[in-house]
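Ligands are counted one by one from 1 in listed order, and the atoms in each one are counted from 1 as well.
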Amino acid sequence: MGFQDKLISWYQVNKRDLPWRRTNDAYTIWLSEVILQQTRVEQGMPYFYRFLEAYPTVNDFAAASEQEVLRLWQGLGYYSRGRNMHFTARQVAGSPGANFPQKHEDLLKLKGVGAYTAAAVASFSANEAVPVVDGNVYRVLARVFGIHTPINSTAGKKIFAELASQLLDRHRPGLYNQAIMEFGALQCKPVSPNCGVCPLRDECYAFRNAEVKMLPVKIRKAKPRARFFFYLVCCKGDQVLVRQRGPGDIWQHLYDFPLVEQAADTGSLPAGSTLDTIKNRFGNEAKLTLLSYKKHLLTHQIIHAHFFALENYMVNFKEEAELKWVSKDELEHLPLPKIISGFKDDFLNN
Ligand code: SF4
């Protein structure tokens, strides 16, 4: 049995029954693929159902407000992906016929649809012969074929793309793509792959050469940048002061609180100078009480967030356009970064 047949036979016995595998609707498959690039299947499933229920068609999605979309996306992180998804839906809805494309070349013309998503949608919805190359595929190919070129290098991307193309089962591209991805997700896992009962173990370079733990090779990325956020939580009766975040930084258009940011590494506790800065801005009578400290990891940043209750402040918040008072009920319906949503649940929900 060849490589493709072994993978497909394995898949037919071991595959998970997932809702997006029961359809060939390109829109539904696209939804699932974008969500699954962001999180694992178990965590992504509720988001998939939530989006499909709110927006059964791409036209429904396009008609939604950005705020609604971000609210549904909340918790998945990497919000630009949620915004791009919305942009894509609007692009499709505004095109002649307003049908979600199935062809690889048409999919690639959509903003926010990269090579992986286009290949997945085209091969799963229309059985087009284009290979998918995601993290699972990189891992399987690197191990089975003993490729040591880093998967995130330009040379590596080219080598893996060519190999994936050569290996693609041109008679059953959709099935083969599903099979190799599922094989990587369940059998040839990053840690503790199930080599003992693997149908590829006789031909697997990594297994035969005891290099399973070494492959795939990845170039280490630069250390994430640490940022120190000092949030000022101002409450007035049932109302809390929130701020819509602007462009050019993380969490664009999401809501958080008035913020003082300090660039220098001060450890996990605020330095005196930060407190002085706050006092200068809000008056000497301002009373600050530390409520909580949370650390949040993003792809390239580590956020150290200190939440202070701010009372007795001397500033007219009306002057700051991006700030507004909302009731705690309204806050529930605003799109919030995970760290803010966690703080809200701990401190503002009672
Ligand atoms: S033998 Fe192990 S490393 Fe090789 S393909 Fe199978 S599970 Fe992956």
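No side-chain N or O of Arg81 forms a donor-acceptor pair with one of Asn84 less than 3.5 Å apart.
Among the atoms of Cys198, none of the N, O or S atoms falls under 2.8 Å from atom 4 (Fe) of ligand 1. For residue Cys188, an N/O/S atom approaches atom 8 (Fe) of ligand 1 to within less than 2.8 Å.
Among protein heavy atoms, atom 2 (Fe) of ligand 1 sits closest to Cys195 SG, 2.3 Å.
Below 4.0 Å from some heavy atom of Phe207 lie the following atoms of ligand 1, by number and element: 1 (S). The ligand atoms of ligand 1 that sit less than 4.0 angstrom from a heavy atom of Cys204 are 1 (S), 3 (S), 4 (Fe), 5 (S). Heavy-atom proximity to Val144, at under 4.0 Å, picks out these atoms of ligand 1: 5 (S). The distance from ligand 1 to the heavy atoms of Arg201 drops below 4.0 Å at these ligand atoms: 1 (S). Set against the non-hydrogen atoms of Arg143, the atoms of ligand 1 under 4.0 Å away are 3 (S).
The pair Lys6-Asp202 does not meet the salt-bridge criterion, since no charged nitrogen lies less than 4.0 angstrom from a carboxylate oxygen. Under 4.0 Å is where a charged nitrogen must lie from a carboxylate oxygen, and between Lys324 and Glu330 no such pair does.
Note: His306 and Tyr293 have tilted aromatic rings, judged against thresholds of 30 and 60 degrees for the angle between ring planes.
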Should Gln4 and His171 be marked as a side-chain contact (heavy atoms from CB on, under 4.5 Å) after you check the CA-CA gap, both sets of side-chain angles, and the distance that decides it? CA-CA 11 Å; Gln4 295 84 350; His171 301 293; over 6 Å; no
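Ring to ring, Tyr27 and Tyr55 are not that close: their centroids are 6.0 angstrom or more apart.
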